[in-house]
Number of protein chains: 4
Amino acid sequence: MDAAPPLSPRAAATRQRILDAAMAEFAAKGLAGARVDEIAARAGANKRMLYAYFGAKEDLWLTVLEAAYAAKREEEEQLDVAHLPPAEAMARLVAFNLRYTARHPEFVALLNQENVHAAAHLRRSGNVPALYSPLTTRLREVLARGAAEGLFRRDVDPLQLYLSIVALGHFTVANRFTLSTIFGTDLGSEAALQAREAHAVEVVLGYLRP
Amino acid sequence: MDAAPPLSPRAAATRQRILDAAMAEFAAKGLAGARVDEIAARAGANKRMLYAYFGAKEDLWLTVLEAAYAAKREEEEQLDVAHLPPAEAMARLVAFNLRYTARHPEFVALLNQENVHAAAHLRRSGNVPALYSPLTTRLREVLARGAAEGLFRRDVDPLQLYLSIVALGHFTVANRFTLSTIFGTDLGSEAALQAREAHAVEVVLGYLRP
Amino acid sequence: MDAAPPLSPRAAATRQRILDAAMAEFAAKGLAGARVDEIAARAGANKRMLYAYFGAKEDLWLTVLEAAYAAKREEEEQLDVAHLPPAEAMARLVAFNLRYTARHPEFVALLNQENVHAAAHLRRSGNVPALYSPLTTRLREVLARGAAEGLFRRDVDPLQLYLSIVALGHFTVANRFTLSTIFGTDLGSEAALQAREAHAVEVVLGYLRP
Amino acid sequence: MDAAPPLSPRAAATRQRILDAAMAEFAAKGLAGARVDEIAARAGANKRMLYAYFGAKEDLWLTVLEAAYAAKREEEEQLDVAHLPPAEAMARLVAFNLRYTARHPEFVALLNQENVHAAAHLRRSGNVPALYSPLTTRLREVLARGAAEGLFRRDVDPLQLYLSIVALGHFTVANRFTLSTIFGTDLGSEAALQAREAHAVEVVLGYLRP
DNA sequence: CATGAATGAGGGTTCATTCAT
DNA sequence: AATGAATGAACCCTCATTCAT
């Protein structure tokens, strides 16, 4: 993913520290709200290094965003559901997605912000295909198996279902602060997550019944 | 809702123009990205008036946010599904929500931003109950009717279902820019909306089958 | 020369103070060496006003440069030599130019700098013709008169002579610091100026003899 | 001129490459505009070497400036006009100076800049006499010969004439960008140079007629 | 009620210079 | 002799906010 020349271990470490700090700062305060000084301070690095490694603030933003996509993709690629019965496999996919999202609210925050900016940065990304989720492929396989075995309905559009599955996990995380304020409950608690997960699985499997 | 003294018609008009301009500017650029100068210019008003009517920028933000919630609430209150058969009523609720969200991306953008800020402003709102969606009540009624008539399953948590219904419409709007970039399609087209609406209704009704 | 809306007296005064301060600062330290903070401080104005009235630093530079040209042009336009005998008229032109240059070393300094930048700013000026020196016209007239009366040689290229006359006054001012260092004398003293002026007039008139 | 210990051939080569690169960069962008990184990069050298060999940026500037003076001095020393008739000798001097200046616009650019800085660096030079132009001596000799032979007028101040001769060549080069912009012609073309040279020679010889 | 002018704090970015290897 | 990494001080510019009229 990097066309840049290989960095010395020391430089690579500094670069990574900046990247991590930027992820935290950006997720917490957004692109405009994040402070370059603060990122450098969090990283224990000099501001100049930030510019040396990443260019301007917005370039750093894009790098962070791509890294967040890459991290999710990586976990998804290790997800093996081919050996499970269709219903169980489907449940795994739904639960995985929901849990990943809950575990990575910073990913959701970054997406939120990038959409506020009309994906202006992502559009300039040189590597959009790498953002495509392996989950869609997994989903297609499971759907096909389930339909072939007569366990799932046959009129399902895989892309729509993919969007719905992601939506079920994403929404409550993306809006956890406003929702929590309005409903007066903490949607991030383990109990709440378990309830949400069970419900999401139920919805998808219930829908898929032939 | 307003404790302020009544404004002269001219003043009220200026106030409203500022509010509209702020909504547009905030939705387009976020809280941090929005410019007070730009809002005043769009409103054809003097900056000083903005401060006179709304206090600081963040107070204006909160006012705009509350107005967006109020607008949705108002439409929801006019939604009458009590006379429809349960399945049809449910379909109406799902479709309404999805369409409203699609018609009001600025509402989604505001929510996005407010969650980036951990709902810091909303929490200071003096009128949180007004944010509560009438949809939840409608949903409860329909669910109860459907279950009583044996058309819907009985183990449904209304709050969870509410969240899911909103999620199904919200997600693709909130992330329409990143999703469009990745999938290379325009999720905002009428055709795409129709497909999404049909799918969302199918999912909910499919899930609700006893 | 100004297409901008008319400024209030107070604003115009502030604008002018900034312009004067900028002229001094730019002449003393060059474009890159000048400090925006310093200009604002010298002008007793807020930095923001500088940007409000002139745009960026480089725009201010161009405005200052154009003002310097305009100032010289204005003095040249008041120069009336039509009633003098040719030789006297020519001497007046040469002396005027030399003295103006000596009285306005900041003009020379600005030109120096602009040439270091390959006239990048001047080229973007919307009003290049206004930079053209009225002196050239005066010179043509005097040359023609002198030639007609048999007092001047007839093979003179007016543009070349114009360049030479300006050169004779310009060079010692433009390079007064390096020349003074090398020759160990002060080229800016009144005595030195008088000697230079007499010499320059002699050179031109001597050359023009038929 | 160099009091430093003799450098190894490799080190001397690096030093020279840095000096050449600095000359180009300084001439193109001025002292403040030149970038140390860029000089090192152009020289294919490490920045540290630059500091090791030349001290700070301003010291490098002075070294470059002295080198530019030295280069001109060297060519002037090889100029032999003692064997030519006075008028021809004088023409040679005028033409040589004009052509040298035209061939070395970087020398003029450096002088421009140094005068913007009020010759602050040159004044610290340890070797000011080396800057003194051999041309002045040549000029004195020719003037004396011409006067003795009754070919030149006798009231000529050699220093003033020296300044004028240099001025005639220097001005159009120093201000070639602004002049070209205003007059809309390229003063650097060979045709323009030839015209300028012929005119300058004419002016000087015309003036010198008894 | 409305306006134009002004302010000061701080944001992103750049640069000459030095350290550690 | 040479290098890559790091530093901190500024510098240009922007913005929310207030004053004077």
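In the text below, chain A, chain B and the rest are named by the order of the sequence lines, each starting its count at 1.
Between A:Ala32 and D:Ala32, the residue whose closest nucleotide on DNA chain E is further toward the 5' end is A:Ala32. Heavy-atom nearest nucleotides on DNA chain E were determined for A:Gly55 and for C:Met49, and the one closer to the 5' end corresponds to C:Met49. When the nearest nucleotides of DNA chain F are assigned to A:Arg17 and C:Asn46 by heavy-atom distance, the more 5′-ward of the two goes with A:Arg17. Nearest-nucleotide mapping onto DNA chain F: of A:Ala11 and B:Leu31, the residue sitting toward the 5' end is A:Ala11.
At a threshold of 4.0 angstrom between heavy atoms, the contacts of A:Ala13 with the nucleic acid are absent. Within the nucleic acid shown, A:Ala52 has no heavy atom closer than 4.0 Å to any nucleic acid atom. At the heavy-atom level, A:Ala12 lies nowhere under 4.0 Å from the strands shown.
Contact annotation: C:Thr14 does not reach the phosphate of E:dA5 (side-chain N/O to OP1 or OP2, under 4.0 Å). Phosphate contact (OP1/OP2 of E:dA2, side-chain N/O of B:Tyr53, threshold under 4.0 Å): present. The phosphate of E:dT3 (OP1 or OP2) has no side-chain N or O of B:Arg48 nearer than 4.0 angstrom.
The base of E:dT3 is not paired with the side chain of B:Lys47 by any donor and acceptor separated by under 3.5 Å.
If you take CZ of C:Phe26 and C1' of F:dC12, they are 12 Å apart, rounded to a whole angstrom. A straight line from CG of D:Asp37 to C1' of E:dT13 spans 14 Å, rounded to a whole angstrom.
D:Asp59 has a carboxylate O that lies under 4.0 Å from a charged side-chain N of D:Arg124, or vice versa, which qualifies the two as a salt bridge.
B:Glu66 places no side-chain N or O within donor-acceptor distance of the main-chain N or O of B:Ser125, the cut-off being under 3.5 Å.
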